[in-house]
Amino acid sequence: MPAIQRKFCLTRFAWMVWISVICQSTGIVSADELPVDDVQATNYSTNIAPFLQTHCVVCHSGDDFEGEVSFDRFEDSANIQENYEFWEKVLRLVEEHQMPPADHSQPTTDEIASLAAAIEAEFSSFDCSSAKHPGRVTIRRLNKAEYNNTIRDLFGLDLNLADDFPSDDVAHGFDNVGEVLTIPPILFEKYLQAAATIAEKALADEQAKKRVLPREAANEEEQVAVARENIRQFASRAFRRPITDDESDRLFAIMRGAFERGAEKDEIFQTVVTAILIHPNFLFRVERDPEPDDEDGIRSLDGYELATRLSYFLWSSMPDERLFELAGSGELTNRDVLAAEAKRMLADPKSQALVDNFAGQWLQLRDVSSLMPDPVRFPDVDESLRRSMRRETETFFEQVVREDHSILEFLNADYTYVNERLARHYGIDSIHGDSFQKVSLPAGRRGVLTHSSILMLTSNPTRTSPVKRGKWILENILAEPPPPPPADVPELEEGGVVLGSLREQMEEHRANESCAVCHRKMDALGFGMENFDAVGAYRQRDGAFEIDASGELPGGVAFDGAEELMQILVQEKSEQFCKCLAGKLLTYALGRGLTSYDRCTVKSVVAALENDGYRFSSLVTAIVTSDPFMMRERKRDQ
C-alpha cells in the first residue's frame, strides 16, 4: 500500500476512533462546587462579622477591594466548606499583625484572640467524614515527558520524538494537569508522524520487534492466530489494560485490510502499530466514570487504572510487568500492596522522573539553565556552572527520595552534593572531578534555599532581590502566595548610582503602608538570604556596604542570617511546609487542581508524615492510598 494511502487510512481510522472514545470519556472537571454541610451561622454573625465590619470591610468590599480579598460574598455564613483557604489567609494576616495596616485603627489583643477562636470554630466544622468527595480528573493526554518515557518502556527505544512536539501548557504549577493538555491540530499531525517513525524503527530493531511480536507461528496455519494474539498483547500493554473484543476486531480489521491490498508482512505490522500509537487509549489516560445508578456517584478505580496512576505519578511512564500482574490479580487495589509498590518504585532508577518533572517544576529548576546573570559582574558563571547548580539540587532531591530522608532536610540539611566546579564556587576545597560528591555545608548554608540554583533563580541579573527570594519562599515553601503588586508601583532600578544599601533603598521603596503589609514578611525572608550574592556565592559585603542579614517575622520572631532563618522555618513553620509540599505533590499525583475537600487528604498526609519521622516515602504512600488517588467521582451535573 503506498505510504500516502496508508496515512490517509490511518488518519480516517484515528478520527473515527477518537470521536467514539472521546464521546464516552470523562469530560472536563465540573465548575460546580461540592455540596457543603451546615455552617455555624450564629458563630459567624456574632463573633466574626462585627470584627470584619470594624476593621476590614472599608478596604475589602465593593468594586475596588484591595489585595484580592473581598468580604462581600459572606452575608450570614463563612461558607467554610468552600472558602477554607480564604479564612486561613484572613486568620494568618490578622494574627501576624499584617492586617489591618499599621496606619489604620488596630484591634486589641482580646479582639484578635476572639476572632481566632471563632475562625478556628469554623475550621472545626469542616467535616471530612460525613461524605466522601474524592473528586474527578479530566481525561489526561500524555505530556511530552510521559510520551517519551512510555515509548522507551513500550519498545525499549530512546527516540525522544516528543521533544519536537509543541510545549505542554501548565496549570496549578505543573504540566501534567488534564484540563490544559489539549490537542491542537499540529500536535495530532506530530502524533501521526511520530507513530509511523516509531513503528518503522521498532520493526527494524530485533529487540524492539520481540516486544511487539513475541510469539512466532510454528506453521502457516497458525500465522493468523499468532499475529492476532501478538497484537492483542501489544495493544493491551499500550492501552495499559486488557483490550476489549471490539478493539481487537478493529485492529485485526486494519491488518486484514492491509493484507488484502497486498502489503508486505512488516508493512502490515507497521500499519497496525501506528494505529495503536495514535489511538486515544494510548495517547490519553482514560478512566471509567461511575455508573449512572451508583447511589453515591463514586467508584473505586480498578487495578489497571491504579497501576497507571501510580506509574505516571512516580515514573512518568507506563506500568511495568509487576504492576500489570498485580492489576490483573486485583491485589493492587489493596492499600497495603499499593503502598509497598510505591516504595519499590521510589527505589527504582525510573523514579528519576519524579526529580525531573516534580522537583523540576516545584523548585523551578527547569528555568536555571536559561538564567543569564550579568557577565560583567559575574564573569565566572558559564553553562558548566549553571548545569552544576541545577544538578546539585536535583541530586539532593534524588537522595532524599532514594534514601528516604526526612522532608525537613529540604529546609535544614547541613550537607549537599557538589562537583569540583561548584565546590570552588562555594569555597569548598578537596573536591576534584565532574562527579558529584556528598559534602558538609560551610556555616551559613543550610537546605535547598541556600543552593545556588535557587539563589540565582530568585535574583536579578545584576543584584540580589530580597523581594523575589521572599516571594519564592512564601509561594513554594509556605504556600502563602502574596497578592500581585499594585500596577503603579515602580521596580527598583537596575545598575546606575547606588544611593544607600539595598536594604535602605527598599525601606524607602515600601514607605507606602499598603505596600509594607505584604513586604514586611516577604522582605524579611529575603533579607535573611542576603549573605549570598545574585549567583549564590557567599559574601559579607555588597560593594561598600556590610551585609545585614537580620530580620524579624510577624509575631516578633527575630533571626540573623540564613542558618537561623532555616531553624525558624523548621521549628515554627514545619507544619505549614508539610502542607505546602503535600498539596503540591497531591496536585502533581492527581493531575488536577485541589478542591476544598482535598484539604482532608492533605491533613491526613501531614499527620502520616509527623507519625513517621517526616520520611519522603510516608508522604508518597499517604497520597497513593488516599481516596482522591484511589477513587473517582461522578460529574456533578449527572
Side-chain angles (χ1 to χ4, degrees), residues 360 363-396 415-473 491-506 509 523 525-549 561-563:
L363 300 174
Q364 299 172 4
L365 300 177
R366 292 180 174 182
D367 298 332
V368 172
S369 59
S370 63
L371 298 175
M372 298 297 293
D374 187 298
V376 176
R377 297 194 180 196
F378 307 106
D380 291 340
V381 178
D382 55 14
E383 176 58 29
S384 173
L385 182 57
R386 284 198 300 271
R387 189 166 53 247
S388 297
M389 289 175 175
R390 174 173 173 171
R391 188 62 195 141
E392 173 195 14
T393 311
E394 290 174 337
T395 302
F396 183 91
Y415 67 92
T416 190
Y417 299 86
V418 297
N419 61 2
E420 181 178 359
R421 184 73 177 83
L422 188 59
R424 189 165 66 248
H425 185 65
Y426 283 173
I428 299 174
D429 299 325
S430 306
I431 302 297
H432 304 288
D434 292 332
S435 63
F436 278 75
Q437 305 170 48
K438 186 176 182 179
V439 298
S440 296
L441 282 172
R445 286 192 194 268
R446 291 293 181 270
V448 298
L449 295 180
T450 63
H451 286 191
S452 285
S453 59
I454 306 301
L455 293 165
M456 187 168 70
L457 185 72
T458 53
S459 295
N460 293 325
T462 61
R463 61 168 176 81
T464 61
S465 173
V467 173
K468 286 184 178 179
R469 287 178 175 176
K471 182 174 182 285
W472 194 94
I473 294 172
E491 293 275 346
L492 283 179
E493 293 184 9
E494 290 285 326
V497 178
V498 177
L499 300 177
S501 70
L502 181 58
R503 181 183 284 265
E504 291 168 342
Q505 294 179 70
M506 291 185 63
H509 186 68
D523 293 0
L525 291 167
F527 276 121
M529 318 298 288
E530 268 295 278
N531 278 125
F532 306 101
D533 69 14
V535 296
Y538 190 82
R539 63 182 183 172
Q540 293 183 322
R541 301 184 67 84
D542 181 10
F545 303 97
E546 274 205 43
I547 295 295
D548 179 2
E563 190 166 347

For the atom pair [atom1] ([X]) and [atom2] ([Y]), what is the distance rounded to the nearest 0.5 Å?
X	Y	atom1	atom2	answer
Leu371	Gln364	CG	CD	10.0 Å
Arg391	Leu365	CZ	CG	10.5 Å
Ile454	Phe532	CD1	CZ	13.0 Å

Under 3.5 Å, is there a donor-acceptor pair linking the side chains of Asp374 and Thr462?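 Result is no, nothing qualifies.
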
Can Ser453 and Glu392 be counted as having a side-chain donor-acceptor contact under 3.5 angstrom? no

Are Met456 and Arg390 close enough, and set up right, to give a side-chain contact (heavy atoms from CB on, under 4.5 Å), and what steps lead you there? CA-CA 10 Å; Met456 187 168 70; Arg390 174 173 173 171; over 6 Å; no

Does Gln540 form a side-chain contact (heavy atoms from CB on, under 4.5 Å) with Ile547? I'd like the steps, not just the answer. CA-CA 5 Å; Gln540 293 183 322; Ile547 295 295; 5.5 Å; no

Are Met389 and Leu455 side-chain neighbours, meaning at least one heavy-atom pair lies under 4.5 Å? no

Taking the side chain as everything from C-beta on, heavy atoms only, tell me whether Val535 gets closer than 4.5 Å to Ser459.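 No, too far: nothing below the 4.5 Å cut-off.
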
Would the distance check show the side chain of [X] and the main-chain N or O of [Y] forming a donor-acceptor pair, the cut-off being under 3.5 Å?
X	Y	value
Arg469	Trp472	no
Arg539	Glu530	yes
Tyr426	Ser452	yes

Heavy-atom count check: over 12 atoms from other residues, nucleotides or ligands less than 6.0 Å from Glu383 CD? yes

Asp380 meets the side-chain contact (heavy atoms from CB on, under 4.5 Å) criterion, sequence neighbours left out, with Arg421

Quick one: which residue pairs count as a side chain to side chain donor-acceptor pair (under 3.5 Å) with a foot in residues 427-439, not counting sequence neighbours?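 Qualifying pairs, neighbours excluded: none.
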
Please find the pair of heavy atoms, one from Phe436 and one from Tyr417, that lie closest to each other, and give the distance.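 So the minimum-distance heavy-atom pair works out to CD2-O, 3.4 Å.
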
Please name the pair of heavy atoms, one in Ala562 and one in Gly444, separated by the smallest distance, quoted to 0.1 Å.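 Here Ala562 and Gly444 meet closest at CB-O, 3.6 Å.
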
Does the pair Arg463 and Asp542 meet the rule for a side-chain contact (heavy atoms from CB on, under 4.5 Å), with working shown? CA-CA 9 Å; Arg463 61 168 176 81; Asp542 181 10; over 6 Å; no

